[in-house]
Amino acid sequence: MDEKWQRPRGTQDILPADAARVERLRRLVSSVAALYGYGAIETPVFEQTAVFVDGVGDGTDIVQHERYSFVDSGGVALTLRPEGTAAVARAYVEHGLSAWPKPVRLYYWAPMFRRERPQKGRYRQHQQYGFELYGSPEPSADAEVLLVARRLLERVGLTPQVLVNSIGCDVCRPGYRAALVSYFQERWADLCEDCRRRATENPLRVLDCKQDRDVARGAPDIADFWCAACRAHQDAVMALVADQGLAVVREPSLVRGLDYYYRTVFEVHDPSLGAQSTVLGGGRYDGLTARVGGAPVPAVGFAGGVERLLMAAGSAVAEDPVPRAYVAQVGPGRAAWRVGEMLRDAGIPTEVDLMARSLKAQMKEAGRRAVVVVLAGGQEWEAGRVGLKRLTDGREAEAPLVDLTETVRAWLDEHER
Ligand SMILES: [Zn+2]
Ligand SMILES: [Zn+2]
């Protein structure tokens, strides 16, 4: 096929069977959101570029290398949303949600755009779900979002492995940063090219580098630098989730790739996914609203990729075929056409022939698509009756048209059991 007519590299078309799985996952996410009182929020697919450059931070990969930015015909610099948290923070500030009763719980499900190197389960346009809890500085807020993440993954059939760390605060992080810089200076020769730059600009991010795992392993541990408040916060989060039977492991090299995090950061892994095992990630981001034009508000949340979760999810999101009816036209006329809409009026998924097929061909088609066939037309139709056949067990009957919807529904229900 001419490349010109192929979808852009790193994007995907989602065909009906997969779309049905996506839809089931989406319902599952909303049901968990409802359980904990998170309300849906939708923001535009694009924002003014500053929301992401200032909000996410221009030292991050998603802003520096991966963003889809353009200037519209009015001269406005816009960027396709690469992640949800900064956009939600912008909306939170713009609509004055800090005046709402605290805490404010929000969730989203939305397409994101990043010009990444395409790989398994990672797309340049992909969907993410995310949960954001605004207004509480308490460790119980961090713990709640961890419990939301656990429940979500359990419903999808995963046994998540949770890694947690604290990257400290403005009081204690500078000391850690300085210790890291001097450690990386000693190991300069071992660092990859990107990390030599990061080592002075944003040394925490070196801990995140896939190529420099060995260097990261020997680095100073931030736990030795936590101030008393950060240590107490981290201990309290760990205790609260342990109280609910959620086992979490502290991972000293866990820092996350984004600049807005503060104290708690976490990742949830599913070991069955192999090398790309991260299912979702999140943390606390108390300073973010101040980066997008508001006052600082404490906040914590997480986000994950829908595609990755679908890969990990088993039968919990398997396609559930809907039992349908098929109305075959017997002889000339429009009986099937009328009965089709009549069954749909009663909420029964129904197909009728649109291909001018013979009755025999219609029956064959029904075998592929339906559980119950209604035969409409001919002399029976004149007498106000239709024929019925259940394809799964061969049961046949004739019914007065007035009883049809009830009979079809009963036959479909019996099939489901
Ligand atoms: Zn601190
Ligand atoms: Zn590196």
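Indexing begins at 1, ligand by ligand and atom by atom, following the structure's order.
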Just give me the atom name: the N, O or S atom of Asp212 closest to the Zn ion (ligand 2). OD2
Using a strict 4.0 Å threshold on nitrogen-to-oxygen distance, state whether Arg308 and Asp270 make a salt bridge. no
Can you check whether Leu246's main-chain N or O pairs, donor with acceptor, with Gln244's side chain at less than 3.5 Å? no
Give, rounded to 10 degrees, the angle between SG (Cys172) and SG (Cys230) as seen from the Zn ion (ligand 1). 110°
Looking from the Zn ion (ligand 1), what is the angle between SG on Cys227 and SG on Cys169, to the nearest 10°? 110°
How about Phe113 and Tyr68: are their ring centroids closer than 6.0 Å? no
Please confirm whether the backbone N or O of Leu280 pairs with a side-chain atom of Thr278, one donor and one acceptor, at under 3.5 Å? no
For the atoms SG of Cys195 and SG of Cys209, give the angle they form at the Zn ion (ligand 2), rounded to 10 degrees. 110°
